[in-house]
Amino acid sequence: VTSTSAASGTVGPPPGMRVRLSSNESPFGPSPAVVEAATAAVRAGHRYPDDQSVALRRAIAAHERRTPDEVAVGTGSAGLLMDAIAEVAPGGSVLTFERSFIVYRLAAANAVATYVEAPTGPPPVPGGEARGYARDVEALLERVDDTTRVVVIDNPGNPTGTHLDGDALATLVDRLDERILVIVDEAYHQFATGQRGYRTVDELGLAHPRVVVVRTFSKAYALAGLRIGYLLGPAALVRTFDDRRVRFNVTAPAQAAALASLADTDHLAATVAGTLTGRERMADGLRALGVPFTDGLGNFLTVELGTDAGPVIEAFAACGVGVRELTPYRMAEQLRVSVGTPEEVEVFLEAAARVLDTVPARG
Ligand SMILES: Cc1ncc(COP(=O)(O)O)c(C=O)c1O
């Protein structure tokens, strides 16, 4: 077990790791119907996929109560974010909250745009787990200027799980100039529905003419390895982004898997329910250990260590548990742990009891 591979997080847990809780994946896997559909598509793998992903875009449109020309599909939502930001941001700036999903920063750099962050609140205090790293709409609005081309919000956010509630999101979008592209990244929305005032863009019916939503099949649908996500927005904007994309960007097995997963609503419901139960169990377990954490609305928790995370992550790895370090987010004393299966959650909590015993923030 090497600490570097665990700490860099790029390749998941080293060989021998029992539990991988480092990448916010679904621990429950895709549904059998999805595996069957993707396997059938592999058998026809000598054929190019449908470049326009027509069947899938129709199904997503029906699912989202949109029209197919308001839907683009891409190589994960990360691919769509890169493309949308590359289209709009060059020469200007991309504005987001501090400690947002790292791809926004990469996309801004790729677009030769300035990356601007609005500060977020302090870490959580014991008993105030839901309020760690709070996001303040005014702090973001203060940083809008003539160079701002894109405002991008992960809601809930990664790696803190923090969210803007419906009122805050509506206020923010309402006060952004119509020339700005507003991207709301709802990668984790299924795990946030109905909790603590969370509302999706579509539930709010936001009127801004350049607001787009990105969603993914990687999280609640458990297709992270197949790389497929989608973008919803006004048809003219969607066309602009889609015109520039790499042709045949979504493989046939990915299209087939995504289509089948939209149809398997029972599997989705079971995954979401299992994730929420696991999140609660992890939160209860950490509370019992006296370890501060942010109890966000994603499929993960963000743990406060009060000491350098490196050796702690190494100690978890020695117990066979892969967790994510957060130094790229300037969070050197925190780690992120994804919700696993019930068994994996217990393995994590047993390891946490041993590993965090010596950590200063405890108690
Ligand atoms: C907020 C957020 N958006 C998007 C993604 C990327 O998902 P995808 O696998 O669709 O590229 C992630 C993945 O961790 C994420 O945390």
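Just follow the structure's listing: the first ligand is 1, and inside any ligand the first atom is 1. What you see is a predicted model; the values in this text were computed from it and never measured.
Considering only non-hydrogen protein atoms, atom 9 (O) of ligand 1 sits nearest to Ser218 OG, 2.6 Å. Taking atom 14 (O) of ligand 1 as the reference point, the nearest protein heavy-atom neighbour is Lys219 NZ, 2.8 Å. Here the protein heavy atom with the shortest distance to atom 12 (C) of ligand 1 is Phe101 CZ, 3.3 Å.
Here the side chain of Arg245 pairs no donor or acceptor atom with the backbone of Phe241 at under 3.5 angstrom. Under a 3.5 Å cut-off, the side chain of Asp242 and the backbone N or O of Ala72 do not form any donor-acceptor pair. A donor-acceptor pair under 3.5 Å is absent between the side-chain atoms of Arg143 and the main chain of Thr148, judged by distance alone. Side-chain atoms of Arg336 never come within 3.5 Å of backbone atoms of Val303 as a donor-acceptor pair (strictly under, hydrogens ignored). The backbone N or O of Gly29 lies less than 3.5 Å from a partner atom in the side chain of His267, making a donor-acceptor pair.
Under the side-chain contact (heavy atoms from CB on, under 4.5 Å) rule, Phe348 has a single partner from Val339, Leu21, Val355, which is Leu21.
Neither the backbone nor the side chain of Asn24 comes within contact range of ligand 1; no heavy atom lies under 4.0 Å. Here Ser77 has heavy atoms under 4.0 Å from ligand 1 in both its backbone and its side chain.
Among Asp154, Asn158, Asp185, the residue whose heavy atom lies closest to atom 2 (C) of ligand 1 is Asp185.
Using a non-hydrogen distance threshold of 4.0 Å, Tyr188 registers as a contact of ligand 1. Ligand 1 lies within reach of Ala78, whose nearest heavy atom is under 4.0 Å from it.
The local environment of CZ in Arg179 is crowded, with over 12 non-hydrogen atoms from other residues, nucleotides or ligands closer than 6.0 Å.
Looking at ligand 1, you won't find any N or O of Ser23 less than 3.5 Å from one of its N or O atoms.
Look at Asp51 and Arg247 and you find a salt bridge, because one of the NZ, NE, NH1 or NH2 atoms lies within 4.0 Å of a carboxylate O, short of that distance.
Using a 4.0 Å cut-off to heavy atoms of Arg227, the atoms of ligand 1 that qualify are 8 (P), 9 (O), 11 (O). Close approach of ligand 1 to Ala187 is summarised as follows: ligand atoms under 4.0 Å from at least one heavy atom of the residue are 2 (C), 3 (N), 4 (C).
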